[in-house]
Amino acid sequence: MNKTLPKLNYNYDSLEPFIDAKTVEIHYSKHHQNYLNKLVEALDKHPELSEVPLENILSDLDIVPEDIRTAVKNNGGGHFNHSFYWSIMNPNTKKIPSDEFLSKIGDFEKFKKDFTDKALGLFGSGWVWLVLNEHGDLEILQTSNQDCPLSMGKKPLLPIDLWEHAYYLKYQNRRSEYIEAWWNLVDWEVVEKIFEKYNSR
Ligand code: MN
């Protein structure tokens with residue numbers, strides 16, 4: 001496993017005005033880095049896992065020795081989820097999926113409302129995801145803490161981080177404004193590429 005953070009495809013201030021530079025900087029260089037550090041620290045206790053891809057580990061947490069399983073679930077999930085989150089945002093997006101992907105999502109405004117409602121309704125810290133479920137259908141999923149959809153047998157396509165550290169500096173308690181702003185950053189081309197990758201396996 002690579003022990004360094006994935007490079008961002010943009011600068012800290014590139015997501016302004018939707019997500020402010022200070023939030024991106026702290027979120028990436030402190031919060032995300034901390035998940036990665038703690039993951040590495042846990043895995044160092046079991047070198048036999050060092051060659052196993054993180055996706056495989058999160059897809060089957062039973063392969064992880066019990067003494068580090070909770071640490072790997074939380075910090076491995078934290079590392080995977082954040083890497084995903086950074087990768088699907090882009091300051092220059094079309095803001096709308098292709099016709100082909102829209103045909104799978106259905107009514108785009110309804111989809112955005114359903115996703116937003118789940119994000120607003122999430123209690124405590126966690127994430128909301130668009131995933132491909134075990135039947136091959138698209139599904140909107142809430143996850144708590146740093147739980148990863150891979151551990152639930154779901155294939156992740158689009159995550160929004162709903163921990164307060166993702167928006168509190170700019171939006172304070174106004175989670176709805178953060179979610180509304182975040183839609184402007186979703187890079188549907190990346191989401192669709194991931195979808196195609198899943199379907200070609
Ligand atoms: Mn976060």
Side-chain angles (χ1 to χ4, degrees), residues 1-43 54-55 57-59 61 70-91 93 112 115-131 140-152 154-187 190-191 194:
M1 194 191 76
N2 196 331
K3 293 182 179 181
T4 55
L5 285 181
K7 280 253 185 307
L8 296 180
N9 294 321
Y10 38 79
N11 298 320
Y12 290 150
D13 63 358
S14 302
L15 306 183
E16 299 258 13
F18 306 114
I19 301 178
D20 59 289
K22 195 78 190 163
T23 294
V24 176
E25 180 181 357
I26 295 175
H27 198 176
Y28 174 79
S29 70
K30 305 290 185 203
H31 291 279
H32 188 174
Q33 181 72 59
N34 192 46
Y35 292 118
L36 176 58
N37 292 350
K38 288 189 171 162
L39 173 64
V40 169
E41 190 184 307
L43 292 177
L54 181 58
E55 287 82 353
I57 293 176
L58 291 170
S59 299
L61 286 166
T70 301
V72 169
K73 174 176 180 255
N74 291 338
N75 298 296
H79 178 41
F80 177 90
N81 296 348
H82 284 89
S83 300
F84 213 115
Y85 175 71
W86 303 125
S87 77
I88 58 84
M89 291 192 290
N90 181 328
T93 66
K112 276 171 75 174
F115 191 101
T116 298
D117 286 349
K118 289 251 182 182
L120 286 171
L122 180 80
F123 183 75
S125 296
W127 297 69
V128 162
W129 303 77
L130 175 66
V131 299
I140 301 168
L141 179 76
Q142 291 177 326
T143 56
S144 293
N145 303 312
Q146 294 299 349
D147 292 356
C148 181
L150 291 172
S151 310
M152 302 160 195
K154 321 266 189 188
K155 294 173 176 158
L157 288 163
L158 173 68
I160 183 169
D161 189 343
L162 295 162
W163 285 55
E164 285 184 344
H165 66 226
Y167 61 88
Y168 209 85
L169 288 180
K170 181 178 171 78
Y171 296 103
Q172 291 85 49
N173 61 321
R174 303 186 306 279
R175 183 187 278 189
S176 64
E177 288 181 26
Y178 158 64
I179 299 165
E180 200 185 320
W182 171 81
W183 283 116
N184 291 288
L185 299 169
V186 173
D187 191 337
V190 173
V191 174
I194 298 164

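First listed ligand is number 1; within each ligand, the first listed atom is number 1.
Between H27 and H31, the ring-plane angle classifies as perpendicular under the 30° and 60° cut-offs. Under the 30°/60° scheme for interplanar angles, the aromatic rings of Y178 and Y167 are found to lie parallel.
Listed by chain and residue number, the protein N/O/S atoms under 2.8 Å of the Mn ion (ligand 1) are H27 NE2, H82 NE2, D161 OD2, H165 NE2, with waters left out.
A donor-acceptor contact under 3.5 angstrom links the side chains of H32 and W86, judged on distance only.
Inter-residue side-chain proximity for W127 and L162 is flagged as unmet; no heavy-atom pair is nearer than 4.5 Å.
For residues 12-22, the side chain to side chain donor-acceptor pair (under 3.5 Å) pairs, not counting sequence neighbours, are D20-T23.
Open room surrounds NZ on K73; 12 or fewer heavy atoms of other groups in view lie less than 6.0 Å from it.
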